[in-house]
Amino acid sequence: MPPRPSGRAGSTVRAPPIRPWRPAAAVSGFHHSHRSRSMSVRTRFAPSPTGFLHIGGVRTALFNWLLARHHGGRFILRIDDTDQERHVDDAVKRILDGFRWMGMDWDEGPEVGGPHGPYYQSQRAEHYRAAVDKLIASGRVYRDYSTESERNVERDASKREKRPYRFRRIVHAPDEIARFEAEGRPHALRFEVPLGRTLVLNDLIKGEVTFSTDEIGDFVIVRPNGQPLYNFASVVDDAEMEITHVVRAEEHLSNTFPQLLMFEALGAPLPAFAHVPYVAEPGSREKMSKRKTDDYAKRGVLVYLHQYIEKGYLPDALLNYLARLGWSFDGAQELFTRAELIEKFTLDRVNSSPASHDPDKLFWIEGEWMKELPVEAKIAGVVPFLAAEGLVGQPLGDAERAYVEAVVLALGDRLKTFSDVVKLGRFFFTPELTFDPDAVKKRLRKPGVPEMLGDLDALLGAVEPYDLETLEKAVHEYAEKTGRKMGDVVNPLRVATTGQAVGPGLYDCLYLLGREACRARIRQTLAMLEQTD
RNA sequence: GGCCCCGUCGUCUAGUGGUUAGGACACAUGCCUUUCACGCAUGCAGCACGGGUUCGACUCCCGUCGGGGUCACCA
């Protein structure tokens, strides 16, 4: 237990730790009841519609969603667009599509509405106005007539003297205020922070955090142009939307204390807070930065949700991975179904330290989930990628569909993401061979290989019937008869018919491709070898 | 710089004073095998550092170092 602040002036405000299933008793010093005492759990995710969702944001949203679902509560989506109201539609749609893809459904918010709407901050002006009236009545909010240049003087001085900058109320004489008003001088609305109080937050992830109000400057809640600011708007909304658990990124931990003051001034019940640590770069403790997106891309590290969607990842796999990034159940279980996650997720198992993004582990989980996927679903997932490359027609014919199914089956566990079908199985769909230079060098540029390929061409022409079993038997017999090792026959034949050194079993390839296609490819390979020898 | 948060293998984590510090990914090796993938087996690897407290510290306290946040009329 950290030492309790004692013997100093000021009261103590405590936000009690609340376990939804067993509300804690009220703690001295704070006279407001806690939200979740008698209500069901209500969580929210409040993105601002700028750019794309990155995986850190998705994870925060997921924790909110899981918490709500775990307790049979409600998950609310709110669009925090106080700042920019233009061209929001597209960004919001992208966010919503991302949520839909992840299968994180929201009970209130855009498109579905709800009893506490609207769910766009840009449409809630009257709510903020009413809250401002309330705060003004409480005497906690005042008009600030300061100019930017005046504040800059203070700020620069603070910086120079290496002390924190904190705005404190400038008290003007009544006639001065009258003059300001007469000349129409613009003013912001500020919250007057009471000095000398110690605020204690019982964060559900971080534990007990103590903060002195002396560290908080009087903050602006409404700009001169009437625009409400985040710190204020989000408190008003969380209160009105009856949010019981504010689960958000830890960068908001310090913001929580001024917010506590506003909840108090508003006379609103306090939600519980849980601050989720940031996501670090792969292999590092450093925070992932949006600015480095291009660098990450060069290293093959994907940071945005849409990038994983485009790669053909499985929502259940990403969900599983993100849940385990910073959360664990028992230290042993790695794979969780959606239902298990809902059943087992609790905030107290969320790690209080940052977790770094591990694309390798994601890829492994993805593979595990892909193994479980029924072949029908694999076909459905793979077809768009084939179609985008022009490798299959659209819509798919019956025969084509059967062929895709056979290819998917042949690919087996090699298929990790849906887009892998193009990388691993392209040769199944086009007569044009793309030769892997290393494979050609290693397997084909060997003495005797062209002659052998000639033999195999003839062999394929003679095999009857042309099926898996007979093919395998014929190749074995050929190897035996000519005194070659199986690998010395099979590997060149694979490269000659697929262009690649790796892939499904050889006989699967030969059979699926068909007799004539295989023979044509062998001849194509022979020609290639001669030309570039 | 003030204040606040954080620090177990490369990575995700288990661990709440007494453990040979456990599991997973990655990596390495072997087996399986026509390649790759899968599977199986084995191995490598960790309590940031320094002081305390204690019979005994990864676990508690203090400091240092490192990472992060905040100190906006951004969110």
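Letters A, B, ... mirror the listed sequences (proteins, then strands); counts begin at 1.
For the pair A/E368 and A/K371, the salt-bridge criterion is met [side-chain N within less than 4.0 Å of a carboxylate O]. A salt bridge links A/R338 to A/D316: at least one charged side-chain nitrogen sits closer than 4.0 Å to a carboxylate oxygen. Classification of A/K159 and A/D156 as a salt-bridged pair fails, no side-chain N sitting under 4.0 Å from a carboxylate O. Ion pairing of A/D90 with A/R94 is present here, as a side-chain N (NZ or NE/NH1/NH2) and a carboxylate O approach within less than 4.0 Å. Taking a cutoff of 4.0 Å between a charged side-chain nitrogen and a carboxylate oxygen, A/R190 and A/D144 qualify as a salt bridge.
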Atom pairs, protein N/O to nucleotides 45-49 of chain B N/O, distance under 3.5 Å:
none

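Of the residues near RNA chain B, A/F257 and A/P186, the one whose nearest nucleotide (by heavy atom distance) lies more toward the 5' end is A/F257. Comparing A/R151 and A/R59 against RNA chain B, the residue whose closest nucleotide sits nearer the 5' end is A/R59.
When both distances must be under 3.5 Å, the Watson-Crick or G-U wobble mate of B/U64 is B/A48. Nucleotide B/C58 forms no Watson-Crick or G-U wobble pair with any nucleotide shown, as no partner meets the under 3.5 Å limit on both distances. The nucleotide B/G2 finds its pairing partner in B/U70, both defining distances of the Watson-Crick or G-U wobble pair being shorter than 3.5 Å.
Going from the P atom of B/G67 to that of B/U11 covers 15 Å, rounded to whole Å. Here the separation of B/G23 from B/C9, taken at their C1' atoms, is 12 Å to the nearest Å. Here, B/G10 and B/C5 have their P atoms 27 Å apart, quoted to the whole Å. Straight-line distance between the C1' atoms of B/U8 and B/G46: roughly 6 Å, to the nearest whole Å. Atom P of B/G66 sits at a distance of 22 Å from the matching atom of B/C61, rounded to the whole Å. Here the separation of B/A45 from B/A37, taken at their C1' atoms, is 26 Å to the nearest Å. Rounded to whole Å, the separation between the C1' atoms of B/C49 and B/C58 comes to 14 Å. Rounded to whole Å, the P atom of B/U64 lies 40 Å from the corresponding atom of B/C27.
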Original post:
When you look at A/F345 and A/F63, which way does the ring-ring contact (aromatic ring centres under 6.0 Å, His included) test go after all the steps?
Top reply: CA-CA 8 Å; A/F345 181 82; A/F63 286 178; 5.2 Å; yes
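Remark: A/N351 is in phosphate contact with B/A14, judged by side-chain N or O atoms under 4.0 Å from OP1 or OP2. Not one side-chain nitrogen or oxygen of A/S353 sits closer than 4.0 Å to the OP1 or OP2 atom of B/G67. A close approach under 4.0 Å does occur between a side-chain nitrogen or oxygen of A/R190 and OP1 or OP2 of B/C73. A/R285 has a side-chain polar atom (N or O) that falls below the 4.0 Å cut-off from OP1 or OP2 of B/C12. Close to B/A75, at under 4.0 Å from its OP1 or OP2, lies a side-chain N or O of A/Q227. Using a 4.0 Å cut-off, no side-chain N or O of A/K206 falls inside it from OP1 or OP2 of B/G69.
Side chain of A/K371, nearest nucleotide from B/C4, B/C38, B/C12: B/C38. Set against B/A75, B/U35, B/U34, the side chain of A/R443 has B/U35 as its closest nucleotide. Checking B/C38, B/G67, B/U34 against the side-chain heavy atoms of A/E286 singles out B/G67 as nearest. The listed nucleotides are B/G68, B/G2, B/C12; the one nearest the side chain of A/R166 is B/G2. Relative to the side chain of A/W364, the nucleotides B/A24, B/C73, B/G68 differ in distance, and B/A24 lies closest. Distances from the side chain of A/R349 to the nucleotides B/G15, B/C6, B/C36 place B/G15 closest. The nucleotide whose nearest atom lies closest to any side-chain atom of A/S254 is, among B/U11, B/U70, B/G2, B/U70. Among the nucleotides B/G68, B/G2, B/C12, the one closest to the side chain of A/E250 is B/G68.
Between A/F191 and A/Y142, the gap from one ring centroid to the other reaches at least 6.0 Å. Between A/H252 and A/F257, the distance separating the two ring centers is not shorter than 6.0 angstrom.
Protein atom NZ of A/K361 is 7 Å distant from nucleotide atom C1' of B/U13, rounded to whole Å.
In terms of polar N and O atoms assigned as donor or acceptor, the side chain of A/R414 comes within less than 3.5 Å of the base of B/C36 in a complementary pairing. Residue side chain A/E334 reaches the base of B/G23 through a donor-acceptor N/O pair under 3.5 Å, judged by distance alone.
A cation-pi arrangement is present between A/R185 and A/F180, with the terminal nitrogen or guanidinium carbon under 6.0 Å from the aromatic centre and inside a 45° cone about the axis.
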